[in-house]
Every structure is written in C-alpha cells, then in structure tokens.
Amino acid sequence: MTTFPHPIALPKPDLLSFPVYNFCPSCTRSHLTGRSFQKVTSHGKPGSRFIVTVTLGAKLTGLSVVNEETYQVFKRKCVSTWVCLVSLLFVSAGLQSAAADELPTTNWTDIKRHCGECLCNKTYVDCSDRSLTAVPNNSLPLEAETLILRHNRLESLPDGVFARFQSLKYLDLSGNQLQELSTDVFLGLDNLYSLDLAWNTLTLSDETYPPGVFRPFNASLVRLRLEGNCQAGKDNCRTGETSVNLTYPDKALSDLANLETLYIDGLPEVSFGPGFANMTKLHSLHLLGYTEGFCGMNGLTNETFVHLPKSLRLLNMSDCNISSIEPDAFTPVRTLKTLDISYNKDLGFDMLADAMESLQGSDLLHLHIDSLVHRYTMSVLITQWHTRYFKNTSIVTISAQYNRIEAFCEGALDNMPDTLEYVDLFANLLGFGRYFKDLGKLKSLKKLTVDGRFWASPPPYAYPPTVPRDCQKTPGVADRRCENGWTHEMDVLEAWRPDFMIDTRTVSSLRQDSTRTLTFVLPPKLQEFKSRCTQLYYQLLEINVDPNNSLHTLDLTSNLLAVWIGPITGLNLTTLSLANNFAHNVSNSFFKTLTSLTSFNASRNDLRQVIANDTNGTLFEPLVNLEVLDLSRNFLNYIPNNIFKGLVNLTTLILSKNEIVKFFADLSHMQNLKLLDLSYNQIHFLPETTMTHLDNIAAQPNASVYVVIIYNPSPAPASTSTSSRGSKNYYCLTSDGKDTEPMDNFFGMIKELEKSCADFAGILVGAVSCFICLMIALTSALAYRFRWKLRYLYYASRLNYRPQHNEEDSFEFDAFVSYASEDNDFVHGELVERLEERAGLRLNVHNRDWIPGRPIPTNIVAAVQSSRRTLVVLTRHLLESDWCQYEMQMATMEAAHSGRDVLLFLLYEDVPSHELPRQVLYNLQASTYILYPSHDHADSRLVDSFWQRLSQAIRD
C-alpha cells in the first residue's frame, strides 16, 4: 500500500452521499466530469468501487490511496493533468472481495500456473466449480495447505485419497454428491484444521460416518461443517420421514477432542449421544435451518442436551421448526454464553417463558429470540408472566426482532435482569403505552433499538395458522394478557390526541397546554436510542424528560415528525438525527435547549422556506458546540448570509443535493471548518467573500479545507478570475505523489504535465489491433469465398467421425426442458403428462430435478450434459428470459463439443421470424423443430400425432 503524508479522514461516504460506482466483475469505471478511466482487476472479483471527490481549498498536504494497484492505474492514466484543470482531487479507493467463510485468502496475482483443471500457487489450490468426478491425481502441489473442491460432482472418495497432502490444513468438499465415507478416507491428514462436508448427501447416521473416520486429525481439527446433508431421496430432517434411522454420529465425532466449532443439521426428536461428552473443547454448536441447512428438531426434551460438553458457549438453533421446550431442557447447558432460537415461528412467547426457568442463574449473556411468532400474528403482548424467569439471569443482550410486539404490560419490564445493556426490537409494532413508566427500571440499559421495517414485505401467500388470541376463549389464557385490556393505554392516548383541525403551517397556532404534558423517565444509563421507520406521527411540541439520564444519541430518522416546535428539556444530546421526516415547520427556538449537540442530521426534509426565512441566523445560533451539520436534500435554493451564525466549532457542513444557485453564507467564524460539501447543486462559482473566508481558515497552521463541488455547472468565463484568486496558495498533486510549484502559471503547468504524461503504449496497442483486424478481415473473406465447400466438409466429417454413444447408459435423462416460468402450467401439465406418463420418457425440469444449493449456471450445464436432448419450449416469454437464453447457449456449446444433436425446438407459440433474436433464428434454421398444434384445434388425432412425433424426435 502506498500512503502519502498527512492523509485526511473525510466523513463516511454514505453520510455525504458521495457517488459510489459498482460495475462489472472485470472492470470499474468512474466518470469524472467528462473524463473517464477503466481499470481491469487482476482477480475479476465484483464489488470494486471508487469514491471520487473534486475539492477546492488550501494546499493539499496529502493523498491517501489505500490500494497500490489502484494508485498505479491513476498514475498510468496521468490523472494529475485533469486534477489541475479542476483544482484538487481527493481519491479514496478500495477493493472488496468476499472470501470463503473462514478459509484463508490468497493474493491471486501470485498465482503463476494452472494445476491441471485447477488454479493454484504453492500452498493454495482452488478446484471449485470444475465438474470434477474425482480428485485430481498428479497435477496438484503436494505442499498445499488449502484445497477447495466445492461444487463438483464427487460421489465417493477412495481410501487415503488425500494422504499425499501432508501439510493440508483446510479442506473444502461442500456442494458435491458424496453419499458415504469410508473409515480410511482421511488417512494422512494429521494437520487438518478445517473440514467442510456441507451440502452433500451424507445423511446423518453411524453408517454414513463410521467410527474412526475422523481419527486421523483428532488432535488438530478445530472446525467441522456437516450441515445441509438431509436432502437425498426421501430424507427430510424437518419431518423425520427418512429412509434410514437418523441419528447424530456421536461415535465418529467422539474422536474430535479438540473440535471447537461444529455445524450440523438438527434432527427431530433425537438427543445428542454420549460421544459428544468427549468433545471437551467444543465451543460453538450451530443447528441451522432454512438456507443454512436442514433443521427440524420440533421439540426440545429434558434429555436433548444431556451429553453436550460443559465447554459449550454458543448454541444456535435458528429456524429449526421448534414448537415445544420442556422446562429443564437447557439445564445441561447452563454454561452457555449465547443462545439463538430465532425464526422458530411455532414456539411463541408462552413456550419461551417456561423454557427460561432452566436458565435462571446460568452464564447466559446473549439471547436471540427473533421471529418467534408468525408474520401476521395479532395482539402480541408481553406480560409479567412471560418475563417472570428473566429477573434471575445475567443476560446482557436481547434481540427480539420481527415479533409483532405491540406493548409490554404493566410490570413486564420489572422482571428484566439488572445486567441488561442492549435490547433490539427491530420490526415490531410498539406504540405508546403505560409501559413507558417502567423504562426507568432498566437500570443498566445502554442501547435501545425499536426500528421499524426499512423495506416492504411481499404480499401474503397463506392465511395465518391460528386466529388472534383475543378472538379465542381458551381457559387459562386470560391471566397472561394485560389487565383490563387496553383501557389504561387508551386513556393516556386520549389525553395526548392532537387537535387535527390545528394549522401546522404557522408556529403561532401550535401551542400546547402545559397541564397536558408528561415527564418521560428514561433508563439512567441509556446512551443510544433508535426509532427509525416506526411511523411516529407527532408534532414535536413541549417534551419533558427526567434529567436523570445519560442519553447522548437519538435517531428518529424516517418518521413523520414534520413539525419541530419544542422545547425539549431534560436531554443532553450530542447526536440527533431527524432526517427524512417531511419536516417543513421549525420554530427558531427549537434548538435553545439542545446546546450540547455536536452532530445534527436534518437531511431529506423540506426546510426550504425555514432556511430562507431565517435571515438573522437565530435557528442554529444556540448550537455553539455543533461540529457536523447535514442539510442535504432539503430543496434549498437560497442560503441567507447569517444562517450559520454561532456555529463556531463546525467542522463539516453538508449542503449537497439541493438547488443552491449562489452561496454567500458567512463562513468567517468557522475556524475549524474542514469540509464544505456543495455537490449536486447549481453553483457556477464561489464568490470573492467565500474564497476569502476559506483562505483565512486555511492560513492557520496545519489547516486544510475541502470544498466538494462535483456535479455543479461548469464555471462561466466571467468568473475565472474570481475562482482562480489566490492561486499561489494552491498546489497540484502530481502522479508520483509530490506537490508541484504554486499554481501562478496555471496553463503553463497544464502544458508541462501533458508533455510528461505522453505515453507511446497507445500507439503500440493501436498498431497491434490494426494488424489483428486485418488478419481477421482476410480470414473472413476467404471463409466467405469458400463457404459452401467448407460447410460440405464440415458436415461430411461430422457424419463420418461423430462419436458413438450408448444412449441408454450415457444419459440420465431423455430431455432437459428449457422454458420460461410463465409457461409453467403447460410444462408441468400437458407436456410432463404426455412425455413422461404416456411416452415413458425421463425429463429434467429445473424446479423439480435440480439439486438445491448449487449455483444456477452449474445446474444448467449439468442438466444439458446429462440429457440426450435439450427441448426448448419457444414462446415470447422464453425470448425475454436471460436464463433461458443461457440454457440455449450451453446446449449449443455442448453440441459443438460433443458432436451430437442437442437442441430440439417445440414452437408453442407462432412467433414471427422478425421478432426472433438472430441467434435463436440461426438455431431454428440449423436444428430440428416441431410446431405445436393450434390451441383451438378440434382434431385430437393431430394432437396425438404431434406428441408421438415429439417423443420419437427425443429418442432419436
């Protein structure tokens, strides 16, 4: 990494709304106001990005480029010339890559060679996604420490197949088709640290994992992944309907005395065997469902965890279909620090309440209970009965997201442990209620999050499994609801109901009766409170908070708090966010009680008129400690001269993405200003007074001021002298990271830089390109001249030398059906019935026969190669589908590679030739096709004849 002296730390890009560009895996392009450059990454990983900011200000003392490769690109493209044209440039570049989970990463620029079908360097071998059916024999380096064989077609492994890799530490065999393991398959792997066998068909049983199979690395293995292995045939971990007797292979696992982390599928009504007791260093046990694995534990009994070791600290059973927990189920694992039982939607809070009894006095610190109810459950109330066993725990963190909790009944919060510091209630339905009185009893709470959903949910696809509890008359349930229902809450809400006839456009009409205010009591140690996207629809009139609190961060982003009047008393906030609240009415006295603020975010509101009317600067004047002010996206078009009066400690002022035409605000008092963001406005130039203020600030020792003016109109010629004022105090950064002389001779410096940036590489590339184009043109002309003779020779040779296949033995399927999802009814209805049930053919249909967990392209290639023909159901919907186009391309490549006829077209719709893409039209002309009879045709014999001819074409 190359780092120049004195790099500056700008605020985060998302805060400043800087342009971030994400492009294709092989290139990244950042458009710099008419100039562009292209960068080809060495490893082809997606996610490369550049954050580019054009700046004006005092002498740029340094430039930090966090990636050497990126810096060299800038150097080769001679960016310094363009930098001089627009003044100064700050660039922060970073490349992101998603490495395999816990696998060591390698610098792929160090890879020098192909190892047979794999990529490798001395210690790292990647053979993933190669359709391998066996481990390569002699092409891999014997000193390899990492071997990745995931997403291949391995069905079995010979004994001692890895014995030659004496230094191997990381072995990834996930996503294959392994069905069983022999006792000696891992012989010789004495140093193996991590083994991944996830997403195979290694059904959990003592037969699949024989005793001793893991013994070769019993002293070295630390991490083992076995999840996703209940997907073969009729095996189903969620229901227990399996072809074998499912059980945890504890006899084989008992050899792993040093194992620390285990991922494994959760089995229904099966306890962990006595062999787990020998795993005395097991720290984390993950039993994951949904996309992570197959987990269907159904119920936890008092015997489920009896044999788990005392060393266990983390137990994850998220999405395991758990619906019942016996009272003493967690007694054997009282040493747990973290327990995650999220996304068990049939569990509910009643069952959780009973289960917490066995965790009293335990070591539990972190409890994750997200989504314990169904999505459309109604009237979820947390009562004192639900929390009765929490008081005697040592829980520090509770995450209870997606539970549709509407309120805590009176006394429910009294049972919370004194150790509780962080609570996350994201995506619930909490509203104002009497439980607010109990917040002060959470003595140790430091952070509370009650955010709403940040995104929309899909429409309902099924009715809720149960009716709301209040709609039932079930004996014994009433005592678990809040006493008297909601009457107390509604009384309070009635007192706080706003007068909807009030005029919210004028401050004078917004007056609150002082006798109708409450004093809110907060947890005494609460430091941060977030309530974003919760549809808070209030006028911020007089709000009183008990001053015995430590709250310093309040985030109310994305609500409906459109009127800010105040005062807000009792708070000593340093960070406040009221962004995206449709705010349009703000009293000039609103900030008088918020003088401790150091950061205020008011972006994405409508403060246009509020700012324009504050000609005396009384609005922000009380904020003498403010350091960061964000007024971006507020439709501002006029900034009064004195609007920022009193902001003497301001370091960052963000006015981006407004409609500002002229900027005459007084900045002379902002001696600490470091960043002024005026991007995405309509500013043509900075006036004389503003430049003077910036010069005075920058004249201080070790001071730098960055003014972001990207995406503003180009400066007018009349403003050149003004915007160039004091150019002797500005410097340009050259490509080698050095400052040039002061910019007195601005245009002369440009000419010198253009000379120094001369590069003859372009001429050489151009000459080579012209030669290649000439050769291509000549070859094409000859091919066209003799096109008929070449075509004859091609088909003659293909007829004589076509490889012979034993059709019945070579292909698993007779045809792979390529179709658009909109034609699903036809394919799964008439086509499958006619060809499979009547004609006896074997069809490969993607949403029925593909292996879950594989990448889609891998499944497509496997389907084409394992099928005699690829049957394309040609409709207009298919022509619009990118994946269907990909399937046809793969079938074309298979035909060219194997020399056999692959494509067969079923014209389900009569699509005119001028609507067909060129490639599809070519395939229709070169391949066999058959036209589906008219949908309203009455002759059944013609339809039967069509299906007979189609089935015969597939067989031939």
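Heavy-atom minimum distance, L312 versus T335: O-OG1, 3.2 Å. Scanning all heavy atoms of the two residues, the minimum distance from L288 to S318 falls at CD2-OG, 3.5 Å. In terms of heavy-atom proximity, P332 sits nearest to N302 at CG-O, 4.5 Å. Shown here for F162 and V185, the closest heavy-atom pair between the two residues is CD1-O, 4.1 Å. N191 and S167 get closest at one heavy-atom pair: ND2-CA, 4.5 Å. In plain terms, the two heavy atoms of P211 and T183 that are nearest each other are O-CG2, 3.8 Å.
W883 and Y819 have their aromatic ring centers separated by at least 6.0 angstrom. Ring pair Y263/H286: centre-to-centre distance below 6.0 Å.
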Original post:
Checking side chain to side chain donor-acceptor pair (under 3.5 Å) for the pair S866/E812: CA distance, chi angles, key distance, verdict?
Top reply: CA-CA 5 Å; S866 63; E812 182 180 356; 4.6 Å; no
Subject >> Criterion salt bridge (charged side-chain N to carboxylate O under 4.0 Å, His left out) on E207 and K251, from CA distance to verdict >> reply: CA-CA 11 Å; E207 292 76 18; K251 296 178 182 178; over 6 Å; no
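No donor-acceptor pair under 3.5 Å is formed between the side chain of S128 and the backbone N or O of L149. Between the side chain of N152 and the backbone N or O of L154 there is no donor-acceptor pair closer than 3.5 Å. A donor-acceptor pair is defined here as one N or O able to donate and one able to accept, closer than 3.5 Å; such a pair exists between the side chain of R313 and the backbone of S311. Of the possible donor and acceptor atoms, none in the side chain of R225 sits under 3.5 Å from a partner among the backbone N and O of T261. Side-chain N or O atoms of T870 include none that pairs as donor or acceptor with a backbone N or O of L903 at under 3.5 Å. A distance-only check finds a donor-acceptor pair linking the side chain of S867 to the backbone of A863 [under 3.5 Å]. Judged by distance alone, the side chain of D265 and the main-chain N or O of C295 form no donor-acceptor pair under 3.5 Å. In this structure a side-chain-to-backbone donor-acceptor pair under 3.5 Å is missing from N218 to L256. The main-chain N or O of S358 is found under 3.5 Å from a side-chain atom of R334 such that the two form a donor-acceptor pair. Side-chain atoms of S818 never come within 3.5 Å of backbone atoms of V872 as a donor-acceptor pair (strictly under, hydrogens ignored).
I860 is listed as a side-chain neighbour of E887, based on a closest heavy-atom distance under 4.5 Å. The shortest distance between side-chain heavy atoms of F217 and D190 does not fall below 4.5 Å. A 4.5 Å side-chain heavy-atom check between N176 and T201 finds every atom pair outside the cut-off. A 4.5 Å side-chain heavy-atom check between L835 and L871 finds at least one atom pair inside the cut-off. Using a 4.5 Å cut-off on side-chain heavy atoms (C-beta onward), I395 and L365 make no contact. Between Q865 and F816, every side-chain heavy-atom pair lies at or beyond the 4.5 Å cut-off. The side-chain heavy atoms of P309 and T280, taken from C-beta on, include no pair separated by under 4.5 Å. Proximity of L843 to F813: side-chain heavy atoms (C-beta onward) are nowhere separated by under 4.5 Å.
Under the 3.5 Å distance criterion, with hydrogens and angles disregarded, no donor-acceptor pair is assigned to the side chains of T338 and H366. Checked by atom type, the side-chain pair N229/N200 shows no donor-acceptor distance below 3.5 Å. No hydrogens or angles considered: nothing links the side chains of R150 and S174 as a donor-acceptor pair under 3.5 Å.
In this structure, F214 and Y209 have tilted ring planes: the angle between them lies in the 30° to 60° band.
Between the CG atom in L224 and the CG atom in D196 there is a gap of 8.5 Å [rounded to 0.5 Å]. To the nearest 0.5 Å, atom OG of residue S323 and atom CG of residue N344 are 9.0 Å apart. Considering CG of L282 and CZ of F272, their distance stands at 9.5 Å, rounded to 0.5 Å. How far SG of C118 is from CG of L147: 7.5 Å, rounded to the nearest 0.5 Å. If you take CD1 on I148 and OH on Y170, they are separated by 11.5 Å, rounding to the nearest 0.5 Å. S284 contributes atom OG, which lies 9.5 Å from atom CG of N316 (distance to the nearest 0.5 angstrom).
More than 12 non-hydrogen atoms from other residues, nucleotides or ligands lie less than 6.0 angstrom from CD of E269. Heavy atoms of other residues, nucleotides or ligands lying less than 6.0 angstrom from CD of E326 number more than 12. For Y193, the OH atom counts as loosely surrounded, since its 6.0 Å shell holds 12 or fewer non-hydrogen atoms of other residues, nucleotides or ligands.
At a threshold of 4.0 Å, the pair K169-E143 does not count as salt-bridged, since none of the basic side-chain nitrogens sits closer than that to a carboxylate oxygen. Contact check on E155 versus R153 returns no salt bridge, with no Lys/Arg side-chain nitrogen under 4.0 Å from an Asp/Glu carboxylate oxygen.
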